[in-house]
Every structure is written in structure tokens, then in C-alpha cells.
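First comes the structure, then the notes that go with it.
Order of the sequence lines sets the chain letters (A, B, ...), proteins ahead of strands, with each chain counted from 1.
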Amino acid sequence: MIARMSRLLLPTLREAPSDADLPSHRLMLRAGLMRRVGDSAGIYALLPLGLRVKAKIEAIIREEMDGVGGQELVLPIVQPAELWQETGRWAVYGEEMWRLKDRHGRLYCLGPTHEEVVTDLMRHEIRSWRQLPLLVYQIQNKYRDERRPRFGLLRAREFIMKDAYSFHTDQQDLERCYRSVYGAYERIFRRCGLDCRAVLADSGAIGGSATHEFMAPADAGEAEIVFCGRCDYAVDVERGEALPRPRPVARRPMAHVATPGARSIADVAAFLGVRPEEIAKILFYQATYGDGRTGESVAALIPGDRELNEVKLQMATGALELRPATAEEVDVPLGYAGPVGLRGVRLFTDPEVAAGAGWVVGANEDGRHLRDAVAGRDFDPGTIIGLSTVRAGDACPGCGAPLAARRGIEVGQVFGLGTKYSTALKATFLDAQGREQPMIMGCYGIGVTRTMAAIIEQHHDVDGIVWPASVAPYHVALVPVGTGDEGRRAVAAAETLATELSGLGIEVLLDDRDERPGVKFKDADLLGIPLRVTLGRALAEGRVEVKRRAAQDAELVPLAEATRVTAAVFGN
RNA sequence: CGGGGUGUGGCCCAGCUUGGUUAGGGCGCCUGGUUCGGGACCAGGAGGACGGCGGUUCAAAUCCGCCCACCCCGACCA
């Protein structure tokens, strides 16, 4: 396959449009992979090169999904409102759902996801346990009228997803399928050249079985994740845990100390000459519960150098809503509050504070603190539960190695749905005993266009994209340079080489444009083609220059061997 | 949705504070010439009426009001 640049719709840009900020967004525009259409946020056209990359990612996905028994189909983008009304999501989804009406006034939406449609399909087709299990998938456009589209393809309003749905007779079979799709995802992202971690995520309102998100570490990521470099522990910070830091056990009795004017952790630490992590701070909240109870005072006791994870506190309390208490709602002096002798407050204590050591805490008297306070000896710690926000350097709860923290782009998710949709849509089958049962479902998504952007986030440098070979739009860029006879020889040699390589199944981008060498080199770098072969002045000695995009240096090889050297890079 | 910012040829941007010839530069584009290994140079040329509407004024890209779009932060969301 040979593409001639002189004829390609490949509009590279020397400067990026000013509204593009992220590397992936800028580079996709500069390298001529895509363009925004009209004045619409989050609506893009993929140009020929962008489409090629998309197709490569999709091919990898298809191979791996087929490999775990997935069957490809295509579900409609336009979906009738009735189905969504049956599951209740027509009302729940809100503004984000792109709704439309046909000429008769019937309501539809542009599918943001396809659980309803696929479940509707299966309830008509599946009667018997003998027809299960089933794993189907599609690669299809999705529509979400985002409040705030941004970051180019990372959060567009129209995007491409591979979504898969599985149907099972029982939970064990769902779990088996879940694990095999999980494995396929690991292979898919690895093959795409993406550094990716599966993190245990919150199953949210849907609840039930586990869910993993596949996160690609990148600064542009929308979520913060912590993960272990040694074992496979990886979680969203919201759910992250860490081993408590070891602290010596206090032997001295608790004692009052005067700390006039010292209210903040930093003040108290400086005043007493202790480190912030020797001080325990207490934070007050007001909780509202599902049964209508409101205004309960709760407090969290954590080390002074740590951040409270409010989500954890909320889960620990079981509250529906939690808000920081105002000064009036707390009847101890602010800045001098502590757990000793505290009344009328439900206290939650972080394990690190509960673990033996003596802590500096507020004395609940103006201008005074206590030192060497020990949980269980000097105060009732209440409920002991992890409340701190995990951070880089904390000890992994799995193996004790230091944790790393990074932002991550969610490129995929696997989810054990259970019977939420099958029950709502009455998608049932008859089991071996002749009883009617709702199908047990799983769903599995990969953001295809988002994966493309994530790959660029991880693979670029100052000169442009550095595509992994598996997803590069072309394998090799042939760059003939030179003028006059030299130039003609270069072009002729490039044509011959292109034909040879193409015959071996290597995808060739031939820069046959009448441009100066500098322009060609800059464009080749920008496009990120894995290998560049320059045919220029060295041709006089029968040699060409071979350079990997990811490498600094080029190598001169005899023209006669250029095909072999190039083919070797791609394993042909 | 809250806060901030921006809107001037295809792209990047100046001009606006302090209204006043024909709205300007760079890149790109067209023509000719010279060049030719890291985004060349010279000469000539095409292309915008300044996001939209309304107002103030003798006069508005520039001042005022409303609206729209896009971008950023946050909230929200899988």
C-alpha cells in the first residue's frame, strides 16, 4: 500500500489553533488527523490519516473481542424513547441525552449507550438457558450532549465506542466472562501501545458486583488514581487505602499545654516544636440521612498532615449528604477542638490516629492543647475507619511498597450489571428446571476515539506524535530529497523501494511533494510515522538513511538492503 | 450551571485604553525568478469590513447594551 503525499488530504498546520490546549488535541489538528466541524464544540470530522489510526485500533479490538467469543453486531444510533422509559432512564438521564422527535412527534434519542436496545433485542430472541451465554459487541457512534465538551476527542459530544454486553444464566458465568473480557482489555491496550492500569472503581448507584476502569496514566486525565509499582494494586484516590505509618507507642501520660494563639496545624507544630504528623486534627460535619434525620454532628479525626477524604467519611456515616459544620454548630472553640471529653458528636477516627501513639490534640479550651493523648486510653475513638486521602509515597495496602499517584484517562470499563436491565425490560429465559429467570448481564466499554487521544498523550514529543507501530497510520515514510538529477534519482529510488515494501505488506507514505527537505522532515516528525527512510545525497554512494521516529540517530544502510532493514523493523 | 477569557482573511496575532485616511503583520495560498538535508529568499498578487443585533456619535474594529459561539477553571457525568 503506497500513499503519495502530493495527493493526500493531509493538511498539516505549522501552528495549532488557539483553542486547542492538550497535546493530543493540538497534535491531532496539526497533524491533519481531524478537524472540528463548524462552530460546534465537541463535534469532529476524522480525516484520512485519523481514520486509518481509528481503523487500526478497531482491528485490534475486534481480534481480541472475537478471541474471547464476542460476536459483532450493530445496534441503532437512533433509539425509541419507550425503551428508555421502560428502564426509567428517560427521566434519569437529563440534559445529557440528545433527544429528537420524528415527523409524527414520536420521541427518540441518539444513543449515549446501548443497554436498553441490546436488552430489548435479547428479550425477543432468547428463550432458553441453552442459548446462553452470549457476548455481543459493536463499534458504534455514541452521543452525549456534554455540559462542557473539552479536550478534543477526550470529551467530545459525538464519539466512538466499542461496547459489549454479555448475558448469562448465573452469576458465576458472568464472573467468568468478566474475567475473560478483562484479559482481552489488557491485551488490547498493550497492543495499542498504551500504558494502562485496571483500577477498582465505584459501582455507583447501580451497585452490585465489581467494576474495573482501565485508566491510562496521563496529565490530561480526568481522575486521580493511586497505584503500586510492585503489585497490581490500583484504585481511584476516592477509594484508595494505605497502610498506617508506624508510630511509637506513647508511654507518657496525657498533659495539658498552653498554645495561645496557635490554631492551625502549622501554628501548633511550630509552637510546640513537633511535626504536623504528630498532631491529630478533628473536622466537624453535619449529616443528613435517607430516613429524614438531619443535623447530626459527626467528626473525623485524622493526622494533621493529611487530607480528609469526604467520600470515605460519608460512606462511614451512611449519610445521604454531608457538609462542613459552621462555627455556630460546633460548641467547642475552633482551632482548639479535640476528641478528649467530646460530647454530642459521632466520632470517626482514622486507624493511624487510633494506633497507639501519643497525639497532640485540641483540649476543647481556648488556647490549650493536650499532648500524648492516646486513643482508647484518653478518649473514645468511636468508629475506627480509614478517612485520609491516599497520596504518593504511602505504603501499598497489598504489599507495602510506596504508592504512586497519577492522573488517568479512562479508556475502558468492565461492569457486572446483574439483572437491572433484564428485570426492567423483562428479558428472561427458562432455566433447566423450566423456571423463568432474568438474564444476568455484564457490559464492557472501550472509548475508541478517546483511546486514540490517550495514545497521543502518552506518545509525543516536541516535534509531534510518536505512534506505536501497531496503530500508526503508515509504517514508513519515504522522503526523497535533492534537486536536479540527484532529485530525480531520489524519487526513482523511492518509488522502487515503495513498491518493494508495499509488496511485503508494509504501508508506505511517500513524500513526493515538491517541498524543501526541511518541510518534509518536519512533517514526517509531526505525523509520527515510526520509520523514516531518507533518499538523498548518500544515494551517490548507494546508501539511504533510516531513522526511527522514537530515536535520536539515523543509520546509513545500502539501498539494496533498505527493504530488508525496514521489513525487519515490522517483523515481516 | 457558576466564575474567568476570547471572537479581526484558511491558521497565529497586532490594532481597541485615548473613535477619524483605503484595517495591518507573520504563516499558508496564486504567478514569476533564485534556491534546495531540518518549516528558504526576492518581486508581484488574491483573499477580511472586524461574531450578530441594536444604540451613542458628524464619524465605531475601537464606546455602551443585549445576544451568540468558542476556550479555560469549577460543579456535573461514564
Side-chain angles (χ1 to χ4, degrees), chain A residues 11-22 25-26 29-32 35-44 89 92-98 111-115 142-152 154-157 159 161-163 199 201-206 211-215 220-223 236 408-415 417 443-447 450 462-464 477 479-488 490-491 511 513-527 532-540 543-545 547 552 554 556:
Chain A
T12 56
L13 259 29
R14 189 180 293 216
E15 292 172 282
S18 56
D19 53 13
D21 226 44
L22 291 188
H25 191 192
R26 294 168 58 86
L29 293 170
R30 284 195 58 209
R35 286 291 183 265
R36 197 173 75 194
V37 169
D39 256 3
S40 301
I43 303 286
Y44 293 93
R89 289 211 291 180
V92 173
Y93 229 92
E95 299 258 279
E96 205 150 288
M97 180 180 264
W98 216 316
T113 175
H114 284 72
E115 282 86 7
K142 295 279 189 284
Y143 296 83
R144 288 184 195 165
D145 193 1
E146 294 279 349
R147 261 193 200 147
R148 192 182 153 208
R150 56 183 133 173
F151 307 144
L154 282 180
R155 184 168 285 207
R157 292 194 291 173
F159 55 99
M161 251 178 85
K162 186 285 304 175
D163 48 325
V199 316
D202 205 328
S203 53
I206 305 176
T211 168
H212 285 87
E213 291 173 346
F214 286 77
M215 307 293 296
E222 70 274 34
D236 191 292
I409 299 166
E410 185 194 333
V411 286
Q413 181 168 34
V414 291
F415 206 119
L417 279 179
C443 69
Y444 318 87
I446 290 181
R450 173 177 265 217
V462 288
D463 293 314
V479 183
V481 298
T483 55
D485 284 346
E486 186 184 291
R488 276 185 285 279
V491 171
D511 196 344
R513 296 174 301 171
D514 182 20
E515 288 287 356
R516 299 168 60 83
V519 174
K520 294 185 176 186
F521 294 144
K522 286 287 185 190
D523 271 345
D525 287 348
L526 177 60
L527 296 178
R532 186 184 81 198
V533 178
T534 305
L535 304 98
R537 51 170 66 127
L539 218 45
R543 295 200 288 182
V544 298
E545 180 188 296
K547 180 182 174 298
Q552 253 338 289
L556 279 174

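- Rounded to whole Å, the separation between the P atoms of B/rG24 and B/rG65 comes to 29 Å.
- For B/rG5 and B/rA14, the P atoms lie 16 Å apart once the distance is rounded to whole Å.
- Taking the nucleotide of RNA chain B with the nearest heavy atom to each of A/S18 and A/R144, the more 5' of the two is matched to A/S18.
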Q: Let me have RNA chain B in dot-bracket notation, would you? Count Watson-Crick plus G-U wobble pairs, both distances under 3.5 Å, and use [ ] for pairs crossing earlier ones and | for inter-strand partners.
A: (((((((..((((......[...)))).((((((.....)))))).....(((((..]....))))))))))))....
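- Nearest-nucleotide positions on RNA chain B place A/A20 closer to the 5' end than the other of A/E410 and A/A20.
- Minimum heavy-atom separation, A/I409 to A/E222: CA-OE1, 3.4 Å.
- Between B/rC41 and B/rA60, the distance separating the two P atoms is 40 Å to the nearest Å.
- For a distance-only test at 3.5 Å, the side chain of A/R155 qualifies as a donor-acceptor partner of the base of B/rC77.
- Across B/rG19 and B/rC64, the matching C1' atoms stand 13 Å from one another, rounded to whole Å.
- Between the CG atom of A/D236 and the P atom of B/rC77 there is a distance of 14 Å, given to the nearest Å.
- Scanning for ring pair (Phe, Tyr, Trp, His ring centres under 6.0 Å) contacts around A/Y444 gives an empty result, with sequence neighbours left out.
- In this structure, A/S40 and A/R157 have side chains that are in contact, with non-hydrogen atoms separated by less than 4.5 Å.
- Ranking B/rC71, B/rC13, B/rA78 by closeness to the A/A41 side chain, first place goes to B/rC71.
- Contact annotation for A/R148: base contact, defined as any heavy-atom pair under 4.0 Å involving a base atom.
- Spacing of C1' atoms, B/rG26 relative to B/rC72, comes out at 26 Å, to the nearest Å.
- One cannot find a donor-acceptor pair under 3.5 Å joining the base of B/rG10 and the side-chain atoms of A/E15.
- Side-chain contact between A/E545 and A/R532: present, with at least one pair of heavy atoms (C-beta onward) separated by less than 4.5 Å.
- What separates CD of A/E96 from P of B/rC76 is a distance of 13 Å, to the nearest Å.
- By the 4.5 Å heavy-atom criterion applied to side chains, A/R144 and A/T113 are counted as neighbours.
- Nearest nucleotide to the A/D19 side chain, out of B/rA78, B/rA75, B/rC71: B/rC71.
- In this structure the side chain of A/D523 reaches within 4.5 angstrom of the side chain of A/R513, judged on heavy atoms.
- Annotation: B/rC29 and B/rA75 have their C1' atoms spaced 45 Å apart (nearest Å).
- Taking every heavy atom of both residues into account, A/Y44 and A/V37 meet most closely at C-CG2, 4.1 Å.
- In this structure, CD of A/E222 is placed 14 Å from P of B/rC72, rounded to the nearest angstrom.
- Distances were taken from every side-chain heavy atom of A/P17 (C-beta onward) to each of B/rC70, B/rC11, B/rA75; the shortest belongs to B/rC11.
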Q.
Working note: A/E410 + A/R450, criterion side-chain contact (heavy atoms from CB on, under 4.5 Å); need CA distance, chi angles, decisive distance, verdict.
A. CA-CA 8 Å; A/E410 185 194 333; A/R450 173 177 265 217; 3.9 Å; yes
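- B/rC71 atom C1' lies 15 Å from atom CG of A/L154, rounded to whole Å.
- Atom pair A/L22:CG and B/rC70:P shows a separation of 18 Å (rounding to whole Å applied).
- B/rC1 and B/rA46 have their C1' atoms separated by 46 Å, given to the nearest Å.
- Between A/L526 and A/R30, some side-chain heavy-atom pair lies under the 4.5 Å cut-off.
- Counting heavy atoms from C-beta on, the side chains of A/T12 and A/K522 never come closer than 4.5 Å.
- Taking atom P in both B/rG54 and B/rC50, one finds a spacing of 12 Å when rounded to whole Å.
- Atom pair A/D21:CG and B/rC72:C1' shows a separation of 7 Å (rounding to whole Å applied).
- Rounded to an integer number of Å, the gap from A/R147 CZ to B/rC71 C1' is 18 Å.
- Atom CE of A/M215 and atom C1' of B/rA78 are 11 Å apart (whole Å).
- Residue A/A16 is classed as a sugar-phosphate contact, given heavy-atom separations below 4.0 Å to backbone atoms only.
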Q: Determine, for nucleotides 29-43 of chain B in 5'-to-3' order, which nucleotides have protein heavy atoms under 4.0 Å from the base (write B), from only the sugar-phosphate (write S), or from neither (write -).
A: ------BBBBBB---
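- The shortest distance between side-chain heavy atoms of A/T534 and A/F521 falls below 4.5 Å.
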